[in-house]
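This report refers to the structure that appears directly beneath it.
Only heavy atoms go into these numbers, but all of them, side chains included; no hydrogens, no water, no symmetry mates.
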Amino acid sequence: MALLRTCSCGDLLDGRYDRRRFLQMAGGVAVAAAIPFHAKAQGYGNYEAMLLSCIDPRTQEPVRAFMEKQGLLGKYSQFTFAGAAIGVVAPKFATWHRTFWDNLAATVQLHKIKRIIAIDHRDCGACRIAYGDKSTSTPEIETAQHRKVFAQFRAEAAKHQPKLAVETGLMSLDGQLEMLTS
């Protein structure tokens, strides 16, 4: 009876693997990789939402806490990049737009989501990059800028995924979220 040896880096360096052993290892890895993927694929579907949020480290915990408070932990997919909705619609980030819409289409197909939740935040550096320093100079100007962004985002979402509900909110750095619907 042949004994299977476990892999060690020393064996690879010493040249103790021939083509047969390599193929045995590769086949085992392929089978092991296929089984978990198949099991995960069976779990796709019937999730609630896709969360669009910003990369800013200051917002990660407040956004997660909001999603938990909404009862959505484990029930949403997530797309995170600079500016959140700003990154999806601002001309400055035009090369990013298709990436978001393609990812949204994938999550609709895979996860059967029903809505998009876009959370922008105050004091956003991407907002200043896209629209200038004045765009965040006062809370009123900042809110007006995000209202424009969200209106454009909702219009684009209606073109790309007309069946999805769209929720948009502006989060302060202390975690308070103001829903902006128009």
Side-chain angles (χ1 to χ4, degrees), residues 40 44-182:
K40 288 179 188 172
Y44 286 167
N46 297 317
Y47 290 89
E48 289 297 315
M50 172 188 255
L51 168 65
L52 171 62
S53 60
C54 186
I55 62 171
D56 191 316
R58 299 173 296 171
T59 66
Q60 301 309 303
E61 180 53 28
V63 168
R64 189 207 62 76
F66 168 77
M67 296 302 280
E68 181 178 26
K69 195 185 281 186
Q70 299 302 305
L72 292 173
L73 288 187
K75 298 177 184 175
Y76 66 93
S77 60
Q78 186 168 349
F79 193 93
T80 303
F81 64 3
I86 293 165
V88 177
V89 300
K92 182 75 172 179
F93 304 119
T95 58
W96 300 359
H97 300 177
R98 182 175 177 134
T99 301
F100 173 77
W101 297 117
D102 287 349
N103 273 268
L104 179 61
T107 200
V108 166
Q109 181 179 347
L110 294 171
H111 305 135
K112 314 286 188 264
I113 65 165
K114 300 155 192 68
R115 59 188 162 145
I116 307 166
I117 302 169
I119 300 177
D120 287 5
H121 67 91
R122 294 198 178 275
D123 191 36
C124 181
C127 189
R128 288 189 291 278
I129 290 170
Y131 302 111
D133 288 339
K134 188 176 180 190
S135 66
T136 61
S137 61
T138 69
E140 296 78 20
I141 291 171
E142 186 175 32
T143 299
Q145 181 63 60
H146 284 279
R147 282 188 191 284
K148 290 177 193 172
V149 165
F150 286 144
Q152 189 177 356
F153 178 77
R154 283 190 295 276
E156 288 295 315
K159 288 182 205 171
H160 290 275
Q161 295 291 336
K163 294 180 182 178
L164 292 182
V166 179
E167 300 172 19
T168 53
L170 181 59
M171 183 173 278
S172 61
L173 296 178
D174 67 2
Q176 295 298 312
L177 186 66
E178 176 184 0
M179 298 309 288
L180 300 179
T181 56
S182 60

Taking R122 first and then E178, would you say they form a salt bridge - that is, a charged N and a carboxylate O separated by under 4.0 Å?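 Salt bridge: yes.
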Run the side-chain hydrogen bond (donor to acceptor under 3.5 Å, both in side chains) test on Q109 and T107 for me, step by step, so that the C-alpha distance in whole Å, both residues' side-chain angles and the decisive distance to 0.1 Å come before the verdict. CA-CA 5 Å; Q109 181 179 347; T107 200; over 6 Å; no
Verdict with supporting geometry, I116 and L104, side chain to side chain contact (heavy atoms under 4.5 Å, CB included): CA-CA 9 Å; I116 307 166; L104 179 61; 3.6 Å; yes
Does the separation of the ring centres of F100 and F79 fall below 6.0 angstrom? yes
Nearest atoms (heavy-atom pairs only) where [X] meets [Y]:
| X | Y | result |
| --- | --- | --- |
| N103 | T99 | ND2-O, 2.8 Å |
| G74 | Y47 | O-CE2, 3.5 Å |
| A84 | C54 | CB-N, 3.7 Å |
| D56 | T59 | O-OG1, 2.8 Å |
| V63 | S53 | CG1-CB, 4.2 Å |
| F93 | A130 | CE1-CB, 3.8 Å |

Just verifying a value: how many Å separate [X] [atom1] and [Y] [atom2], rounded to the nearest 0.5 Å?
| X | Y | atom1 | atom2 | result |
| --- | --- | --- | --- | --- |
| L170 | H146 | CG | NE2 | 5.0 Å |
| F81 | W96 | CZ | CH2 | 6.5 Å |
| L72 | E48 | CG | CD | 6.5 Å |
| Q78 | L51 | CD | CG | 4.5 Å |
| L164 | I117 | CG | CD1 | 11.0 Å |
| C127 | K134 | SG | NZ | 13.0 Å |

Side-chain heavy atoms of [X] within contact of [Y], under 4.5 Å:
| X | Y | result |
| --- | --- | --- |
| L173 | H121 | yes |
| D123 | R128 | yes |
| M171 | Q176 | no |
| F150 | T181 | no |
| M67 | Y76 | yes |

Does atom NZ of K114 have more than 12 heavy-atom neighbours from other groups under 6.0 Å away? yes
Please check if the side chain of Q145 supplies one atom and the backbone of T136 the other of a donor-acceptor pair under 3.5 Å.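 No, Q145 side chain to T136 backbone: no donor-acceptor pair under 3.5 Å.
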Would you confirm whether S135, through its side chain, and G132, through its main-chain N or O, come within 3.5 Å as a donor-acceptor pair? yes
Which residue in the set T168, V88, V89 passes side chain to side chain contact (heavy atoms under 4.5 Å, CB included) when paired with V149?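 Going through the options one by one, the only one that passes is V89.
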